[in-house]
Enquirer: 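Below you will find the structure I want to go over with you.
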Amino acid sequence: MITSLDGRRFAAVAEVAGGEVGTQTVFAYHERDGMIWADYAGGAIRRGFLVGTRDGDRLDFRYTQLNTDGQTSTGHCVSTLSRLPDGRLRLDETWQWESRPGSGTSAVVEQRREDEM
């Protein structure tokens, strides 16, 4: 199993078709006792929050967000955690809106800290 997500930051690898997350969206993750949560913002998202659970390398969470147009949205996401060859972490996500029609897949990759670059 991959180590804790606590204190790690992730960004989308591409613009997400049908979603609002984009390459400027940054997620700040926290983890404790099988529980995960994060806040995120950037690009089309003014503020977002997610909360859920982690079982091994599988994350299951709900999210709610406010976009730059002032609209709120909610959804559900299941993600699989993996390690890239360069040591960073990646989350491959399958998501579905709960507050409106739509679903899709996306990926976020751990951002390197400035002191590691």
Enquirer: Checking Arg62 now: which residues fulfil salt bridge (charged side-chain N to carboxylate O under 4.0 Å, His left out) with it, not counting sequence neighbours?
Expert: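 In terms of salt bridge (charged side-chain N to carboxylate O under 4.0 Å, His left out), with neighbours along the sequence ignored, Arg62 is linked to Glu98.
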
Enquirer: Under 3.5 Å, which donor-acceptor pairs link side chains of residues 74-87 to any protein atom two or more places apart or in another chain?
Expert:
residue : atom : partner : partner atom : Å
His76   : NE2  : Asp60   : OD1          : 2.6
Arg83   : NH1  : Gly87   : O            : 2.9
Asp86   : OD1  : Arg88   : N            : 3.0
Asp86   : OD1  : Arg88   : NE           : 3.3
Asp86   : OD2  : Arg88   : NE           : 2.8
Asp86   : OD2  : Arg88   : NH2          : 3.1

Enquirer: What side-chain donor-acceptor pairs closer than 3.5 Å can you find for residues 18-27, not counting sequence neighbours?
Expert:
residue : atom : partner : partner atom : Å
Glu20   : OE1  : Gln65   : NE2          : 2.8
Glu20   : OE2  : Asn67   : ND2          : 2.8
Thr23   : OG1  : Glu15   : OE2          : 3.0
Thr25   : OG1  : Gly22   : N            : 3.0
Thr25   : OG1  : Gly22   : O            : 3.3
Thr25   : OG1  : Gly42   : O            : 3.1

Enquirer: Using the test salt bridge (charged side-chain N to carboxylate O under 4.0 Å, His left out), find all partners of Asp6 that sit at least two apart in sequence or belong to another chain.
Expert: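 Residues passing salt bridge (charged side-chain N to carboxylate O under 4.0 Å, His left out) with Asp6: none at all.
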
Enquirer: Taking atom CD of Gln71 and atom CZ of Arg100, what is their separation to the nearest 0.5 Å?
Expert: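 Interatomic distance, Gln71 CD to Arg100 CZ, rounded to 0.5 Å: 7.0 Å.
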
Enquirer: Cluster question for you: counting only ILVMFWY and a side-chain heavy-atom cut-off of under 4.5 Å, with indirect links fine, are Leu89 and Leu50 together?
Expert: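 Yes: a chain of side-chain contacts under 4.5 Å links Leu89 to Leu50.
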
Enquirer: Hey, what do you get for CG (Leu91) to CD1 (Ile2), rounding to the nearest 0.5 Å?
Expert: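 One finds 8.5 Å between CG of Leu91 and CD1 of Ile2.
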
Enquirer: May I ask you to check whether over 12 heavy atoms, not counting those of Arg32, lie within 6.0 Å of atom CZ?
Expert: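 Counting neighbours around CZ of Arg32, 12 or fewer heavy atoms of other residues, nucleotides or ligands fall under 6.0 Å, so no.
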
Enquirer: How would you list, by chain and number, every residue that makes a salt bridge (charged side-chain N to carboxylate O under 4.0 Å, His left out) with Asp69, sequence neighbours excluded?
Expert: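 So Asp69 forms no salt bridge (charged side-chain N to carboxylate O under 4.0 Å, His left out) with any residue.
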
Enquirer: So, taking the atom named OG1 in Thr53 and the one named CG in Leu59, what distance separates them when rounded to the nearest 0.5 Å?
Expert: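 Thr53 OG1 to Leu59 CG: 7.5 Å, rounded to 0.5 Å.
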
Enquirer: Let me know which of Glu110, Gln111, His30 forms a side chain to side chain donor-acceptor pair (under 3.5 Å) with Arg8.
Expert: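 Per the side chain to side chain donor-acceptor pair (under 3.5 Å) rule, the option paired with Arg8 is Glu110, out of Glu110, Gln111, His30.
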
Enquirer: Just to verify, what does Asp92 make a side chain to side chain donor-acceptor pair (under 3.5 Å) with, not counting sequence neighbours?
Expert: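 Here the qualifying residues are Arg90.
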
Enquirer: Considering residues at least two apart in sequence or located in another chain, which fulfil the ring-ring contact (aromatic ring centres under 6.0 Å, His included) criterion with Trp97?
Expert: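 Scan of Trp97 (ring-ring contact (aromatic ring centres under 6.0 Å, His included), adjacent residues dropped) gives Tyr63, Trp95.
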
Enquirer: Show your reasoning for whether side chain to side chain contact (heavy atoms under 4.5 Å, CB included) applies to Glu93 and Thr105.
Expert: CA-CA 5 Å; Glu93 306 173 325; Thr105 60; over 6 Å; no

Enquirer: Taking only residues two or more places apart in sequence or in another chain, which ones pass side chain to side chain contact (heavy atoms under 4.5 Å, CB included) with Ala41?
Expert: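 Not a single residue meets the side chain to side chain contact (heavy atoms under 4.5 Å, CB included) criterion with Ala41.
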
Enquirer: Find out whether Ile45 and Tyr40 are in side-chain contact, i.e. whether some heavy atom of one side chain is under 4.5 Å from a heavy atom of the other.
Expert: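 The answer is yes; the side chains approach within 4.5 Å.
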
Enquirer: So which residues get pulled into Trp37's cluster when ILVMFWY side chains under 4.5 Å apart are joined, directly or through others?
Expert: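 Other cluster members: Met35, Val51.
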
Enquirer: Quick one: list whatever passes ring-ring contact (aromatic ring centres under 6.0 Å, His included) with Phe61, sequence neighbours left out.
Expert: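 In terms of ring-ring contact (aromatic ring centres under 6.0 Å, His included), with neighbours along the sequence ignored, Phe61 is linked to no residue.
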
